[in-house]
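So that the names make sense, note that chain A is the first sequence line, chain B the second, and so on, each numbered from 1.
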Number of protein chains: 2
Amino acid sequence: MKSEQKNITIQHVAERAGVSKMTVSRVLNHDSKVSDSTRAKVMAAVQDLNYRPNISARQLAGSKSYFIGLLYDNPSQGYVSQFLLGALKRCRASGYHLVVDECQGELKDKVRITRDFVNSTRVDGVILLPPLCDVPEVLETLKQSGTPFVRIAPDVDLEASPYVCMDDYQAAYEMTNEIIEAGHRDIGFIIGHPNQGASRLRYQGFLDALRSNRINFPPEYIEQGYFTYKSGLQAATKLLGLANRPTAIFASNDDMAAAVTSAAHIHGLSVPDDVSVVGFDDVELASTLWPPLTTIRQPIAEMAEAAIELIRSGKLNDERSKRRASNRHVIDFELIRRESLQLKT
Amino acid sequence: MKSEQKNITIQHVAERAGVSKMTVSRVLNHDSKVSDSTRAKVMAAVQDLNYRPNISARQLAGSKSYFIGLLYDNPSQGYVSQFLLGALKRCRASGYHLVVDECQGELKDKVRITRDFVNSTRVDGVILLPPLCDVPEVLETLKQSGTPFVRIAPDVDLEASPYVCMDDYQAAYEMTNEIIEAGHRDIGFIIGHPNQGASRLRYQGFLDALRSNRINFPPEYIEQGYFTYKSGLQAATKLLGLANRPTAIFASNDDMAAAVTSAAHIHGLSVPDDVSVVGFDDVELASTLWPPLTTIRQPIAEMAEAAIELIRSGKLNDERSKRRASNRHVIDFELIRRESLQLKT
DNA sequence: CAGGTTCATGTTATCGATAACAGAGAAAAC
DNA sequence: GTTTTCTCTGTTATCGATAACATGAACCTG
C-alpha cells in the first residue's frame, strides 16, 4: 500500500555479497572480527543497493532502538530549536533518530506522559530539558522504567543522573570583569527568578568579581527580577531613576536586558552612550534588537551533542563506568561582544 | 539489560483475558467486530497489566508505524516550537509519536537526508515546514519513496501534495482595514522578501483594502524589505524621513515591525502616539517589545494539528479520497490588537 | 432441515533484523 | 603429527505484533 518498490532487506544484501545475513549484520554493527575482504564486499553491496536497515526490526530483535527521546515542558521557544539543532546533527552522524514529546500540564500528567512515552517508544535513552529535569517525580518514573536519562542544566538533585551544563558562576564572573575592564565602577545588577539555581550562581559570580576588584556598591544597585521582560522593566526603572544611577547594568538574562534598553529610551537615555547594558543567554532577541546585546552565549547545541553522545555511548547502562565517571559534564560558554557595552569615557 | 521488569506482551494480556493474541490485537486496533463481552475482558486485562503495545513489533508486522516525521530546514526558531506544540498535542491523543529531523545544507544534502529519513524510520507520513516544503527535489524524493506527505504554507507547486495554510491575502486585507478604521489615511507598507509568495499575497491584500476604501497613496509609501530586522530598519528610516511621513506603517512581518519601532525612537518619534506600527506573524518578540505589536497571529499550532490529522486519517494513501478532497486546507488566522496601533487623533 | 451467510474467534505464517550457538579451517602449541 | 586455540562465518530460534486464512457457532431462508 505504502511503498511502490519492494523494500530491500538484509537478505538481498547478503545474496548480492554472497554471504549470510549474519555477516552483513556484523558488518553493519561494526561488530566483532570480520575479514577485511568480506567487509569490503558487504559494504559494496550495501552501497549498490542503497540499503538502509529497518529500524523496527533492529529494535525488535536487538537491544538498541536507535531512538533517543527528548522531553520538555516549557523552556523558552528558542531553547528547543537550538537544542534540536545540535542533537539532530549528532544523531544523524550516528544513525539515531530523535523522538520528541512535551510534558505540559499538572504533575500527574507529566508523570503519565513520561511513563507512556518510554513504554511505547522504547527509546534507548531520554534527554530532559529544564525545567522538566527538576521534577523529582519524573526522574523517579524514569528510574523505575530502567531507561537511562541525561539532564540538561538541572538545578536540584544532581546525584540523580548524569547531566550536561554550563558554568553560570564563571560566566557571570567573566562578564562582570568585562564590564569593569570597560571602565565602569557603578554597575547595577538585576537578579533572576529566585527559584532557579542559575539566578544564585549568576549573582554570586557578579558579587565575587566585584569583590576581587575591590569595588564597593550601594545596596540599591541590586534589584530582584523574575527573568521576564516585565520584571526587567520595573527593575530598570528603579535603577535608572536613582540619583547616582549606574553607568552599566548587568541583567541576569536577555529578556530583562532588552527591557533595560527600553526603559533607558523612556528615560531619554541612550544605550550604550549614557548607559551600558549586558544580558545573559544570547537568545534570538539579543542580536535582533538595537543596539545588539553584549551577552553570554549558552552553548545549547553543544550541550545537546554531549547529551546524545552520553546516551549513544551506552555508558549510562554500564554500572561500572557509571560509578567511575563523574555525573557532571560542563560545556564552555562564550562571551559575545556587541554594541550594548561601551568603554566608559 | 535495559529493563528490570520483563516486558508485558500481547501474549500475557491474551492469557489473562482467556482469549487469543489475535483477539487482543483486534480490540487494540478498534478493529472489526469483537463482542462487547470479550472486548470488556480484554480491556480489563490491558488495564490490569498496564500493557502498552510494542511499537516496533507493530511497525514490523503491520502497515502502520505510528510514527510521523517532521522535516524542516531553517524556519524561524519560534516556528518549530509552536508547531511542535500543536503536533504533539494531537499525536499524544492518538497514540502517535513524532520523529524530527532537520535538512540543512546543500540541495543534495537535503535530498539525501530526506531519503535516508523515510527509509530508516518508515514513518507513516511526513510533514514539511517552509521553506523546505518548496524544494522540488525533496518533494520528488518523497513521492518516489511512496511516503505520503503534507506541506505547511507552501509557496509553489500546489498540486504536488495536500497542504495546510492560512489566508495571507485576507489577513493583510483585514489588518489594513483595521488601520483605516483607526482613522489613518497615510499608511506606509514594507514588503517582504520578493522570493516568498506570502510577500505578494500580503502586499496584494494591503493594496486591495486601500483601493476598496478609495485611498490613494504616493509611491514612496511602499518600501521593499526582506523579512529581516536590518532591512526593516532601512525601509523605516526612509519612510520616517519623508516630508509627508505616514501616520501608520504596516510591516510584512514582526521583525521588520520591531525595526520600525526602533527607527521611530531614533527619529525621536513615539510609538504609537506619533506613528502607529503593525506587524504580521505574532512571533514571541511581538508581545515582548514595548509597545507590544498589533499583528496577525499565524495559527501555527492549529496548522500542525490539521496536518497530523491528515496523515493519521490515512486519506493521503487512498487514491479515491485523494481525488475527491481538495488539497488545500485553510486555517483561520486571528487579528491580535495590542498597543502599537492607536486611533489617529 | 439442508445449505448458505454472517459473526466472532483461533491458527499459522510472516515482517527484518539480532542473539546464541555451532562449525570449519588456519595457526599455534605441545 | 595431533591437539588446542583462534578467527571467521553460517544456522536456528527469537523478538512482539499483524495479515491472511480457517473454523465453528448462530442465524436465516426457502
For the pair [X] (side chain) and [Y] (backbone), establish whether a donor and an acceptor sit closer than 3.5 Å, ignoring hydrogens and angles.
{"X": "B:Asp73", "Y": "B:Gln104", "result": "no"}
{"X": "A:Ser56", "Y": "B:Gln59", "result": "no"}
{"X": "A:Arg151", "Y": "A:Tyr163", "result": "no"}

- Message: Is the shortest side-chain heavy-atom distance between B:Asn74 and B:Leu132 below 4.5 Å?
- Response: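 No, their side chains stay 4.5 Å or more apart.
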Separation of atom [atom1] in [X] from atom [atom2] in [N], rounded to whole Å:
{"X": "B:Gln11", "N": "D:dA17", "atom1": "CD", "atom2": "C1'", "answer": "11 Å"}
{"X": "B:Leu28", "N": "D:dA17", "atom1": "CG", "atom2": "P", "answer": "9 Å"}
{"X": "A:Met22", "N": "C:dG23", "atom1": "CE", "atom2": "P", "answer": "17 Å"}
{"X": "B:Asn29", "N": "D:dA17", "atom1": "CG", "atom2": "P", "answer": "11 Å"}
{"X": "A:Lys64", "N": "C:dA19", "atom1": "NZ", "atom2": "C1'", "answer": "13 Å"}
{"X": "A:Arg26", "N": "C:dA19", "atom1": "CZ", "atom2": "C1'", "answer": "10 Å"}

- Among the nucleotides C:dT9, D:dT18, D:dG10, which one has an atom lying closest to any side-chain atom of B:Thr38?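 Closest nucleotide to the B:Thr38 side chain: C:dT9.
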- Out of C:dT18, D:dG10, C:dA8, which has the shortest distance to the side chain of B:Ser35?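 The closest nucleotide is C:dA8.
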- Message: For B:Glu305, give me all partners under salt bridge (charged side-chain N to carboxylate O under 4.0 Å, His left out), at least two apart in sequence or on another chain.
- Response: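 B:Lys89, B:Arg90.
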Mind listing the N/O atom pairs, protein and nucleotides 14-16 of chain C, below 3.5 Å?
{"unit_1": "C:dC15", "atom_1": "O2", "unit_2": "B:Leu60", "atom_2": "O", "d": "3.4"}
{"unit_1": "C:dC15", "atom_1": "O2", "unit_2": "B:Ala61", "atom_2": "N", "d": "3.4"}
{"unit_1": "C:dG16", "atom_1": "N2", "unit_2": "A:Ala57", "atom_2": "O", "d": "3.4"}

- Message: According to ring pair (Phe, Tyr, Trp, His ring centres under 6.0 Å), who are the partners of A:Phe117, at least two apart in sequence or on a separate chain?
- Response: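 Expected list: B:His97.
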